[in-house]
Amino acid sequence: MTNALRAELRSMRTSRAVTLTVLATAVIAAVIAVADRQNKLTGLLQPETVALSLGVLIIGAIAGGTDYQHRTIEWTLLGTPRRGSAGAAKLAAALLTGVLVAALILTLTWVIAAAVNSGLRVGVPTGTLIAGQLALGALTGAFGLACGLALRSLPGAVGTVLVIALLLPIVFQVKKSLNHVIEFLPYGELSAAASALGSSPANAGTQLSALTAGVVLLGWTALIATIALTRLNSQDA
Amino acid sequence: MIAVRGLTKRYGPAAAVEDLSFEVHAGTIVGFLGRNGAGKSTTLNMLAGLSTPTSGTATIAGVPYRSLAQPMRIAGFGLNAEAFHPSISGERTLRGLATRIGVGRRRVREVLELVELASAGDRPVGKYSLGMRQRLMLAAALLGDPQAIVLDEPTNGLDPQGHRWLRDFLRARSAEGRAVLLSSHVLGDVAETVDRIVVISRGQLVADQPIAAIGQAASVRVRSPDADALAALLGHGPADVQRIDADVLTVTGLDVETIGELAAEHRIVLHELTPQHSSLEDLFFELTQSEGAGLR
């Protein structure tokens, strides 16, 4: 299991697509932090967190789908033939990568916000903010990876997370009567968590608390991961 | 070392492999033959744990591959030369696999040199020729220094030097005491490389025999001006005599020495006495003929 996890982390590190997605996410977060000069740090965190979660979702989807895109799943399962261990190592690697990317983005945003706004006033306890961001990174990474493993397709996985992250929110914004539903959908609660972590006053009272949103996201991640691991375990490679 | 017993794989009502049994012992090379779609790759995938049998077992060192504690140190599989990420170099690909199975970087360099790919190790796999990817596949299979090697069509894309190199390479591994199972369409290579052949047709075993038996004379062609008398003489014994022409017979079940001595003893003149050898190709087509008819 340890070797499998090390191999999955190595695979993430050597993937050009993952590296480019991390860089793109960092650049978008930095641009948001620099451009949004009027807001204090707390105001920056909502769009930055949305960028983070979208970036990590895509990284997870790439990690889950690449093995099937290039048939390298055969080598993965020849090296780690116990399917449960192979799947668990992939999920753990996605969780860890999500945490690392979240830490990178949070640090970057914080440093830029401190330099631009000359202050680090945060609307929620700092510990809650950091823990929330790291948890969000971990869960979105695992969610994206589970989509890739469940669909066994790189384009399918990336397409699915983009639909979940970009298209569904637009649909639900148009249909305002469904706003209370979106919070409980896979990406709706990301947005809710982002808002709650960012303490955006405009959204106060209209969205889930960070903890509730996190629990909902955990539930969705567990559901998709269960489907992915069941498929990995029961079907031929 | 490798044991397949009663192996069956069904997809709905259709059987891709049915009740297949054979063994590969340490220090031997077994050629695994069959037409396209005969069930060879399905069998190898089940042996590698990539596919689950409907019934039966496929074991390596007495254990299913999925249950081996350090699987790639026991068995090395080279099943698909296309199963590599094209933008990652050959060496990095092997390093990733080495990390997964817990072997060091030195072994990566060793296997790259062993398959004569060291000079191209830093190039992306997408820029490799098919022959180079075959060598990379072989390097990956050998990474754990396994006791059993299983290769599916490893000669595809190899140039003539590559074919010879692979033959010598596998013979050397076999001489070290490793078991080798080699699936290939190149019957000439198989005939020169393996100790036994296992032939399947429509997923079922149709032959499992030493390769040496194929080279032995299957029949004797006899030409005589007194063919009738010779046919009557030989027909009394265990031989099977067939009239090919007015003065030509084909005799099965007696060797040339016996036929010659019998003819001399009965003062029958012979104009020709030729052993007829069958080739692996003859045997292969004979054994898989019904499958071809079915396909047409």
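Here is the naming used below: chain letters follow the sequence lines, and residue numbers restart at 1 for every chain.
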### Query
With only heavy atoms counted, which part of B:A75 is less than 4.5 Å from chain A, the side chain, the backbone, both or neither?
neither
#### Entry: Rounded distance (nearest 0.5 Å) linking atom CD1 of B:I101 with atom CG of A:N3
9.0 Å
### Query
Is it the backbone or the side chain of B:L68 that comes under 4.5 Å from a heavy atom of chain A, or both, or neither?
backbone
### Message
Using only atom types and a distance under 3.5 Å, with no angle test, would you say the side chain of A:D236 pairs donor to acceptor with the backbone of B:T52?
### Response
yes
### Message
At a 4.5 Å cut-off on heavy atoms, which part of B:Q70 comes close to chain A: side chain, backbone, both, or neither?
### Response
neither
### Query
Measuring heavy-atom distances to chain B, does A:T66 have an atom under 4.5 Å in its side chain, in its backbone, in both, or in neither?
side chain
### Query
For chain B, which of A:P81, A:S11, A:S234 has the most heavy-atom pairs under 4.5 Å?
A:P81
### Task
Considering non-hydrogen atoms only, spot the tightest contact between A:T14 and B:R92 and give its length.
CG2-NH1, 3.7 Å
### Query
Can you tell me how far CZ of A:R10 sits from OG1 of B:T99, rounded to the nearest 0.5 angstrom?
4.5 Å
### Query
Would you find more than 12 non-hydrogen atoms of other residues, nucleotides or ligands less than 6.0 Å from B:R173 atom CZ?
yes
#### Entry: Distance (rounded to the nearest 0.5 Å) between A:R82 CZ and B:Y65 OH
11.0 Å
### Query
Mind checking whether B:H85 and A:Q69 have side chains closer than 4.5 Å, heavy atoms only?
no
### Query
When heavy-atom pairs shorter than 4.5 Å are enumerated against chain B, which of A:Q235, A:R71, A:H70 gives the highest number?
A:H70
### Task
Starting at CG of B:L50, measure out to CZ of A:R83 and round the result to the nearest 0.5 Å.
6.5 Å
#### Entry: Straight-line distance of B:L143 CG to A:L78 CG, nearest 0.5 Å
12.0 Å
### Task
May I ask you to decide if B:A83's main-chain N or O and A:W75's side chain share a donor-acceptor pair within less than 3.5 Å?
yes
### Message
Can you tell me which of B:P86, B:G76, B:G144, B:A98 forms the most heavy-atom pairs within a distance under 4.5 Å of chain A?
### Response
B:P86
### Query
When rounded to the nearest 0.5 angstrom, what is the spacing between CD in A:E74 and CG in B:N45?
6.5 Å
### Message
Quick check on A:T80 against chain B: is it the side chain, the backbone, both or neither that has a heavy atom closer than 4.5 Å?
### Response
both
